[in-house]
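Following: one structure in structure tokens, then a few remarks.
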Amino acid sequence: MSSSYRIQAATGIHRGDREYQQDQVLLMAHPYAKGCILGVVADGMGGRSGGRKASDQVMLTARQLFERFEPAKEDCTRLLRTIVQDAHTVIRLTAIAAEQEPHSTIAVFVVLPDNRCHFMHSGDSRLYHFRGAALVHRSLDHSYVQALVDRGELTETEAQHHPQSNILLGCLGAEPLPPMAHHVIEELQPGDSLMACSDGVWHYFTTQELGTVLDGLSPREASQFLIEKARRRAAGSGDNLSLAILKLDTSVAEASV
């Protein structure tokens, strides 16, 4: 990772207006590869214990595989696919053993020491890449309303407020294999921000609002602001909220997480 900027990062999580927390979030530096960072958000579904078991399994699988990952030798795309596939398999086994139906989304990014970054997601937890306040890339949900948007039957704004916006077309733990959408950022630059978040966060903001917040605040400030603002906008009916933010800051020469 270039020494001309530092990496600032933060996570945020809140139960929202639900009785229990099923989201999980993880942000961690690689144990020995400097500048290699993993960010994961998982939104569990399937009742109080089932959903949490599913998101916990996503976190455990991601952590274990990332700790063994050798960025100088191994393919990052393969790592992300293995995380999704292995977590899906264990969630399915949990469903059989416990007679539950746990499911989970996943939104995961890996920043590599050479400044490349890989995204992968399944479900409706999202990944964003901003340069300054401008959106460079956003993941597209595996959801019913996103399919309507893709067909030109809904606008993005209409989809955001559609009564069936929570219907997924794929996720981890369902009977079909989970969809896996992959994206590569060839070179991160100073001023770039990355965010993984659950639908309890993104549902309450426009893309322009998110870009402005991430550009103007530190990751810690941004995570606190977005959770507090989403809670107010939910007006007592909000979902669990979770997010992981990473920002490339030019103000300090030493890289840190």
Side-chain angles (χ1 to χ4, degrees), residues 1-11 24-42 54-94 104-123 125-129 131 136-137 139 171-173 177-197 219 242-250 252-257:
M1 184 66 68
S2 169
S3 62
S4 63
Y5 53 82
R6 69 172 179 174
I7 298 171
Q8 293 184 306
T11 61
Q24 285 280 58
V25 61
L26 172 67
L27 188 60
M28 65 177 289
H30 196 277
Y32 60 82
K34 185 178 180 181
C36 189
I37 301 164
L38 170 74
V40 191
V41 164
S55 60
D56 282 347
Q57 186 55 55
V58 172
M59 296 297 117
L60 179 62
T61 302
R63 180 186 292 275
Q64 290 178 338
L65 291 173
F66 182 66
E67 287 176 342
R68 299 199 298 267
F69 175 58
E70 298 185 53
K73 300 178 182 179
E74 298 182 52
D75 178 26
C76 191
T77 306
R78 183 176 180 182
L79 166 70
L80 296 181
R81 288 188 176 278
T82 304
I83 289 172
V84 175
Q85 291 167 348
D86 285 7
H88 169 73
T89 298
V90 177
I91 292 169
R92 292 286 295 164
L93 292 173
T94 300
S104 182
T105 69
I106 184 172
V108 53
F109 64 80
V110 173
V111 176
L112 296 171
D114 64 2
N115 290 19
R116 283 182 298 136
C117 177
H118 288 251
F119 281 179
M120 186 168 284
H121 83 284
S122 184
S125 290
R126 288 186 180 178
L127 293 152
Y128 292 85
H129 173 206
R131 183 153 292 154
V136 179
H137 175 81
S139 60
C171 63
L172 282 67
L177 290 174
M180 288 179 275
H182 177 249
H183 173 74
V184 180
I185 303 168
E186 291 297 337
E187 184 177 8
L188 291 169
Q189 298 180 15
D192 281 8
S193 297
L194 309 176
M195 182 172 71
C197 64
S242 57
L243 69 165
I245 300 172
L246 183 147
K247 188 172 183 178
L248 277 59
D249 185 8
T250 58
V252 180
E254 293 275 330
S256 62
V257 177

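Distance check, rounded to the nearest 0.5 Å: CG of Asp249 to CG of Asp192 gives 12.0 Å. Rounded to the nearest 0.5 Å, atoms CG (Leu80) and NE2 (His118) are 7.5 Å apart. We find the CD-SG distance between Glu187 and Cys117 to be 12.5 Å, quoted to the nearest 0.5 Å. Residue Arg78 holds its CZ atom at 11.0 Å from CG of Leu65, rounded to the nearest 0.5 Å. Atoms OG1 and CE, from Thr77 and Met120 in turn, are 6.5 Å apart once rounded to the nearest 0.5 Å. With values rounded to the nearest 0.5 angstrom, Gln64 atom CD is found 13.0 Å from Thr82 atom OG1.
In this structure the side chain of His30 reaches within 4.5 angstrom of the side chain of Pro71, judged on heavy atoms. When side chains are defined from C-beta on, Val25 does not count as touching Leu243, because their heavy atoms never get closer than 4.5 Å. Taking the side chain as every heavy atom from C-beta outward, Val90 and Asp86 never approach each other to under 4.5 Å. Put simply, the side chain of Leu194 reaches to within 4.5 Å of the side chain of Ile185, judged on heavy atoms. Side-chain contact between His88 and Leu177 is present, with heavy atoms from C-beta onward closer than 4.5 Å.
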- Task: Applying side-chain contact (heavy atoms from CB on, under 4.5 Å), run through Phe69 and Cys76 and close with a yes or a no.
- Result: CA-CA 8 Å; Phe69 175 58; Cys76 191; 4.1 Å; yes

- Item | Ile7 vs Leu246, side-chain contact (heavy atoms from CB on, under 4.5 Å): CA-CA, chis, key distance, verdict | CA-CA 7 Å; Ile7 298 171; Leu246 183 147; 3.6 Å; yes

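No option in Val110, Leu112, Leu27 other than Leu27 meets the side chain to side chain contact (heavy atoms under 4.5 Å, CB included) test with Ile37.
Minimum interatomic distance between Val41 and Ala244 (heavy atoms only, all atoms of both residues): CG2-N, 4.1 Å. Smallest separation of non-hydrogen atoms from Ile83 and Thr61: O-CG2, 3.7 Å. The two residues Pro179 and Cys171 come nearest to each other via the heavy atoms CD-N, 3.9 Å. The two atoms that bring Ala42 and Met59 nearest to each other are CB-CE, 3.6 Å, heavy atoms only. Residues Gly173 and Ile91 come closest through the heavy atom pair CA-CG2, 3.7 Å. Minimum heavy-atom separation, Met28 to Leu26: SD-CD2, 4.1 Å.
Within the 3.5 Å criterion, the main-chain N or O of Ala196 finds no donor-acceptor partner in the side chain of His121. Counting only distance, with no hydrogens or angles, the side chain of Ser122 and the backbone of Met180 share no donor-acceptor pair below 3.5 Å. The closest donor-acceptor contact from the side chain of Ser139 to the backbone of Leu127 lies under 3.5 Å.
Using a 4.0 Å cut-off between charged side-chain N and carboxylate O, Asp114 and Arg116 make a salt bridge.
Under the rule for a side chain to side chain donor-acceptor pair (under 3.5 Å), Arg92 has no partner lying at least two apart in sequence or in another chain.
Ring geometry for Phe119 versus His129: interplanar angle over 60°, hence perpendicular rather than tilted (30 to 60°).
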